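Below you'll find the structure, written out as structure tokens, and then a few comments.
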Amino acid sequence: MKWRPVSGAIAEAAREPYLLRERDRDRYEKALNGAGFTVRHVDVSGLWSEREASLAVARALGFPDFYHGGWDGFFDLLVSEFQERPDRIAVCLTGADELAQRDLRLFVRTSWQLQGATETIASEGEGAWQLEFLYWGQDWRSLE
């Protein structure tokens with residue numbers, strides 16, 4: 001499996017973080033599937049802590065039940081989970097604009113950690129694995 005830039009499937013995703021409009025989600029998810037990505041979903045609109053965020057993303061990635069949250073444990077399991085079953089995964093974080101408007105600090109901290117996860121998989125997997133996060137929202141004012 002060879003690493004593929006998300007922008008190859010979604011031209012509007014030219015730079016990270018990928019802030020995308022909800023109205024285009026179906027079309028973009030089809031493009032991601034066509035590019036060989038497995039698409040997973042996490043609704044982040046109701047999250048209130050980084051622990052909740054790490055648990056929600058871990059569930060979407062199929063982490064074992066013994067994982068109870070926290071970024072240190074998340075990164076410990078991340079590489080081992082991908083080594084066991086390498087894949088090309090795009091995690092769609094729906095309601096991300098709601099989270100950013102309600103708690104910008106939590107949104108920034110979570111997106112920073114998830115960017116670290118993408119970079120970890122890219123460096124550890126030597127291009128054989130890929131993990132991307134896409135932030136979906138109805139109202140990304142910065143895009144207008």
Side-chain angles (χ1 to χ4, degrees), residues 3-125 128-144:
W3 184 87
R4 296 181 184 167
V6 171
S7 61
I10 303 173
E12 292 82 353
R15 58 190 172 128
E16 299 171 74
Y18 304 123
L19 305 176
L20 302 168
R21 290 192 173 101
E22 182 69 34
R23 69 176 181 237
D24 300 319
R25 189 171 73 165
D26 289 341
R27 180 169 49 100
Y28 289 160
E29 285 187 19
K30 286 178 186 171
L32 288 166
N33 284 323
F37 285 89
T38 300
V39 177
R40 308 272 171 83
H41 298 93
V42 177
D43 182 356
V44 297
S45 63
L47 299 179
W48 290 93
S49 71
E50 288 185 62
R51 181 177 177 279
E52 286 180 338
S54 67
L55 274 168
V57 173
R59 275 189 232 106
L61 294 174
F63 278 25
D65 290 338
F66 63 79
Y67 173 70
H68 295 292
W71 293 119
D72 289 338
F74 181 89
F75 280 91
D76 289 344
L77 282 170
L78 181 66
V79 173
S80 65
E81 288 298 307
F82 267 77
Q83 284 176 341
E84 292 292 319
R85 48 188 168 85
D87 202 349
R88 180 177 292 118
I89 298 176
V91 179
C92 296
L93 302 164
T94 60
D97 61 331
E98 294 174 48
L99 175 60
Q101 289 172 15
R102 179 177 44 80
D103 189 340
L104 184 58
R105 182 183 183 285
L106 178 58
F107 174 80
V108 169
R109 292 276 308 149
T110 299
S111 60
W112 182 77
Q113 293 289 351
L114 296 178
Q115 179 59 33
T118 295
E119 292 169 0
T120 297
I121 290 301
S123 67
E124 295 287 327
W129 316 328
Q130 190 168 354
L131 177 62
E132 303 288 353
F133 295 93
L134 297 100
Y135 301 86
W136 299 97
Q138 299 288 341
D139 182 22
W140 286 117
R141 292 184 185 134
S142 63
L143 296 178
E144 309 236 345

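The first residue of the sequence shown is numbered 1, and numbering continues consecutively from there. As the structure is a computational prediction, the values presented were derived from the model and not from experiment. Basis for what follows: all heavy atoms, side chains included, without hydrogens, waters or symmetry-related copies.
Rounded to the nearest 0.5 angstrom, Arg88 CZ and Glu132 CD are separated by 10.0 Å. Here the CD1 atom belonging to Ile10 is positioned 13.5 Å from the NZ atom belonging to Lys30, to the nearest 0.5 angstrom. The distance from atom OG of Ser54 to atom CG of Asp72, rounded to the nearest 0.5 Å, is 10.0 Å. Rounding to the nearest 0.5 angstrom, the gap separating the CG atom in Leu55 from the OG atom in Ser49 is 8.0 Å. Taken from CG in Leu114 to OG1 in Thr120, the straight-line distance is 11.0 Å, to the nearest 0.5 Å. To the nearest 0.5 Å, atom CD of residue Glu52 and atom CG of residue Leu106 are 8.5 Å apart.
Here the closest heavy-atom approach between residue Trp136 and residue Glu22 is recorded as CB-OE1, 3.5 Å. Minimum interatomic distance between Ala53 and Leu47 (heavy atoms only, all atoms of both residues): CA-CD1, 3.6 Å. The two residues Ala35 and Ala9 make their nearest non-hydrogen contact at CB-CB, 3.9 Å. In terms of heavy-atom proximity, Leu131 sits nearest to Ala117 at CD2-CB, 4.2 Å. Looking at every heavy atom in both residues, Ser7 comes nearest to Ala13 through CB-O, 3.3 Å. In this structure, Ala96 and Tyr135 approach most closely via the heavy-atom pair CB-CB, 3.8 Å.
A donor-acceptor contact shorter than 3.5 Å links the side chain of Arg51 to the backbone of His68. No donor-acceptor distance shorter than 3.5 angstrom exists from the side chain of Thr38 to the backbone of Ile89, with no hydrogens or angles considered.
A side chain to side chain contact (heavy atoms under 4.5 Å, CB included) with Arg25 is found for one member of Thr94, Leu134, Val39 and no other, namely Thr94.
Residue pairs meeting the ring pair (Phe, Tyr, Trp, His ring centres under 6.0 Å) criterion with at least one member in residues 37-62, sequence neighbours excluded, do not occur. Every pair passing side chain to side chain donor-acceptor pair (under 3.5 Å) that includes a residue from residues 102-112 is listed here, sequence neighbours excluded: Glu50-Arg109.
Taking a cutoff of 4.0 Å between a charged side-chain nitrogen and a carboxylate oxygen, Arg21 and Asp24 do not qualify as a salt bridge.
Gln101 is not listed as a side-chain neighbour of Phe107, based on a closest heavy-atom distance of 4.5 Å or more.
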